[in-house]
Protein chains: 2
Amino acid sequence: MFAEAKKYDTAAASGTLEQQADQAKSLQRKFDQMRKFNDSIPLKLLKARESTMAFFRPILQEAGLTEQQWRVIRALNEYEELESKQLAELCCILSPSLTGIINRLESQGHLKRRKSTEDQRRVLISLTDQAKQLFKELSPRLEGRYGDLTNQISKEKLQQLNELLSEIIHLEP
Amino acid sequence: MFAEAKKYDTAAASGTLEQQADQAKSLQRKFDQMRKFNDSIPLKLLKARESTMAFFRPILQEAGLTEQQWRVIRALNEYEELESKQLAELCCILSPSLTGIINRLESQGHLKRRKSTEDQRRVLISLTDQAKQLFKELSPRLEGRYGDLTNQISKEKLQQLNELLSEIIHLEP
DNA sequence: ACCATATACTTAATATGTTAACGAGATATT
DNA sequence: AATATCTCGTTAACATATTAAGTATATGGT
């Protein structure tokens, strides 16, 4: 995830006015030359994701949570208790990253671990009351932002996008 | 970027057959409960991006390049010479990350820095012959994979997806 | 010329992504 | 039961993401 999109829109906003104009022309010329670069699907998916996250990031930042930490909390709020591996799959976070995320959330008092009794290898994770409370506070605000986002697109387009993304997701190299 | 999608598809493939069945039912029940979680646009964009990158990652890995390093090389191959800031904007990489990426690529002999004569603050970056050669070798293979990707989707859908993503990218929170 | 401000890049600190390897616990096979 | 194999979570090592602060250089107004 890269920074908020705005930070990338200021490239030409430097130097004198003449320099700005020169830079703008120069960049425009260059952009024309290499349409392929900017048209790549992976790059556009990256940018699109960043644009959507810009809606939520401020709220999460204010709460002192990262995007990934929120995904974990959100999943646990729905599933009550999950194994580390299930959490990884749901949140699209690799196990090694998840270990650190869980450690930090645990030391912040947001969740608890316990070992499965049947299988000593498995770790079961659940939210603390504190985290459930935090979820109740943040969830409506984030849902509101999600509404702001989706309201800027027609229902049909949103539906289309969802279907197209699903198709992409199921591609096999 | 998270790992190849396949790694997430094995969650239920552990334990005895009975356990597998139980887990599958349990997870299915849970999935039904929380459609919202998996339907979030940002998460789908993340997954979709990962699915597309799975087409290219093996080739890059074989060449000892990361995804970001390749984005930088690709941009420089088209633009000849770029300032660090321009590179950051094009590649969607923040300046602090880019500094490290440039350092590593430079020490691998893939690119060179020079200071602008007019503005001593600016650093101009360009590829070495070695990197240009590497680009020539990798580019066709990666283009081939890109073709494999797009061939699995109809032209219309691809066009639709591009337009929808552009629309998302231009949203303002 | 002088000073306040702005810009380009870097450094620092922390969190996460990514691959490989490790250790403890479970399974299967003999 | 003994051994090899598999699985889960973790650690290690490195690259990148993210925000804040720092450094050198430029620009604008006085």
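All chains are named by letter (A, B, ...) in the order of the sequence lines, taking the proteins before the strands, and each is independently numbered beginning at 1.
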Atom [atom1] of [X] and atom [atom2] of [N]: how far apart are they, to the nearest Å?
{"X": "Leu94(B)", "N": "dA15(C)", "atom1": "CG", "atom2": "C1'", "result": "14 Å"}
{"X": "Gln86(B)", "N": "dT7(C)", "atom1": "CD", "atom2": "C1'", "result": "14 Å"}
{"X": "Glu118(B)", "N": "dT7(C)", "atom1": "CD", "atom2": "P", "result": "19 Å"}
{"X": "Leu65(A)", "N": "dT14(C)", "atom1": "CG", "atom2": "C1'", "result": "15 Å"}
{"X": "Glu83(B)", "N": "dA26(D)", "atom1": "CD", "atom2": "C1'", "result": "13 Å"}
{"X": "Lys115(B)", "N": "dA8(C)", "atom1": "NZ", "atom2": "C1'", "result": "9 Å"}
{"X": "Leu124(A)", "N": "dC8(D)", "atom1": "CG", "atom2": "P", "result": "13 Å"}
{"X": "Lys85(A)", "N": "dC6(D)", "atom1": "NZ", "atom2": "C1'", "result": "11 Å"}

* Asked: Are the side chains of Arg71(A) and Leu46(B) in touch, meaning some heavy atoms are under 4.5 Å apart?
  -> yes
Check every atom of [options] against the side chain of [X] and return the nucleotide holding the closest atom.
{"X": "Thr66(A)", "options": "dA26(D), dA15(D), dA15(C)", "result": "dA15(C)"}
{"X": "Arg121(B)", "options": "dT16(C), dT19(C), dT25(D)", "result": "dT25(D)"}
{"X": "Arg122(B)", "options": "dC8(D), dA15(C), dC9(C)", "result": "dC9(C)"}

* Structure fact -> In short, ring-ring contact (aromatic ring centres under 6.0 Å, His included) pairs touching residues 93-141 of chain A with sequence neighbours left out are Trp70(A)-Phe135(A)
* Should Val72(B) and Leu124(B) be regarded as members of a common hydrophobic cluster, given that ILVMFWY residues are connected when their side-chain heavy atoms come within less than 4.5 Å of each other, either directly or indirectly? ->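 No.
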* Would you say a side-chain N or O of Gln61(A) is under 4.0 Å from OP1 or OP2 of dT19(D)? -> yes
* Within the pair Gln120(B) and dT7(C), is there a side-chain N or O less than 4.0 Å away from OP1 or OP2? -> no
* With a 4.0 Å heavy-atom cut-off, tell me which residues in residues 95-113 of chain A come close to DNA chain C, sorted by residue number. => Pro96(A), Ser97(A), Ile101(A), Arg104(A)
* Please, which pairs that meet salt bridge (charged side-chain N to carboxylate O under 4.0 Å, His left out) have at least one residue in residues 93-114 of chain A, sequence neighbours excluded? -> Glu81(A)-Arg114(A), Glu106(A)-Arg113(A)
* **Pairs involving residues 158-170 of chain A, ordered by first then second residue, that meet salt bridge (charged side-chain N to carboxylate O under 4.0 Å, His left out) (sequence neighbours left out)** =>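 Listed by first then second residue: Glu167(A)-Lys157(B).
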* 5'-most contact on DNA chain C: Gln69(A) or Asp119(B), nearest heavy atom basis? -> Asp119(B)
Throw together a table of side-chain donor-acceptor distances under 3.5 angstrom for residues 92-100 of chain A, partners on residues two or more places apart or in other chains.
| unit_1 | atom_1 | unit_2 | atom_2 | d |
| --- | --- | --- | --- | --- |
| Thr99(A) | OG1 | Ser95(A) | O | 3.2 |

* Apply side chain to side chain donor-acceptor pair (under 3.5 Å) to Glu80(A) and list each qualifying residue two or more places apart in sequence or on a separate chain. => none
